[in-house]
Amino acid sequence: MQKNDVIIGLFDSGLGGITVWKEINNKLPQLSTIYLADSKNAPYGPKSKDEIITLCKKNIDFLLTKNVSSIVVACNTATTNAINELRTEYNLPIIGVEPAIKPAVLASKSKKIGVLATLATLQSEKYIEAKKSFPKVEFVEQAGHHLVQLIESGKLYSEELKKLLIQYVTPMRDAQVDHIVLGCTHYPFFKSILKEITDSSIQIIDSGAAIANRVHQILESNDLPTDSSTLFHKFYINKSSDVMKSLLKNDKVSIIEFDF
Ligand code: DGL
């Protein structure tokens, strides 16, 4: 690795940010990445804003020890609760992930949008402020209680998760939404299950591809290369890595369990 090589650092409360990492890696396959899964502290969704800010700072401090050149906060909960404070504190590009309500609204005919996100995201000032740009749109919101825990514990394809999803999307279907926004980076993992249990007329939207485009843009606007001279993908996790391994089984990455 050369001294000023471009390395993207990503973090999430756990495994959800892997959905963002996959989009970035698809778009920019020659870019080295370091991913931190703070699974020991997952979920962030029920935590207070102050707790989330403290955890985010700890995560960024760790990534900085690995010489990352930009940070992707691959977590809606962390972005909507902490990104302003993080950008004030740290002097490097910080890219966040927010629920994709704008593209959903622009594409919606019924102007009724379902939003599935964590409680902390739905209650954040940033999300509430974002909705104010669309006063005529009806947002049917649901906090995804327990979904992150099921994914973190490897129960993605369980009956329990499917039952919860049916419970969570039924009011959205009854309200005749034509788009459902997945406002948590863990949720794209169950996109295929969600498609099975909703009408084909409902579009399911997440933010992953938009974030990959944003990373590309930021690198270009800072005159940074999109190819790292030494290519690697390192995944750090502070809990058992079994589930992480299964989610990354087709990717060429190294996974490191460590105490953090
Ligand atoms: N992946 C996180 C997000 O995007 C999950 C939050 C949690 O840990 O509750 O919101």
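Both counts, for ligands and for their atoms, begin at 1 and track the order of listing.
Every residue two or more places apart in sequence or in another chain that forms a ring pair (Phe, Tyr, Trp, His ring centres under 6.0 Å) with Phe62 is listed here: Tyr236, Phe258, Phe260.
No salt bridge links Glu125 with Lys49; every basic N to acidic carboxylate O contact stays at or beyond 4.0 Å. Salt-bridge formation is detected for the pair Glu89/Lys57: a Lys NZ or Arg NE/NH1/NH2 atom is positioned less than 4.0 Å from an Asp or Glu carboxylate oxygen.
Pocket lining of ligand 1, defined as residues with a non-hydrogen atom under 4.0 Å away: Asp12, Ser13, Pro43, Tyr44, Gly45, Cys75, Asn76, Thr77, Thr118, Val148, Cys184, Thr185, His186.
A cation-pi arrangement is present between Lys234 and Phe232, with the terminal nitrogen or guanidinium carbon under 6.0 Å from the aromatic centre and inside a 45° cone about the axis.
At least one donor-acceptor pair under 3.5 Å links the side chain of Ser110 to the backbone N or O of Lys112.
Smallest separation of non-hydrogen atoms from Pro103 and Ala100: CD-O, 3.5 Å.
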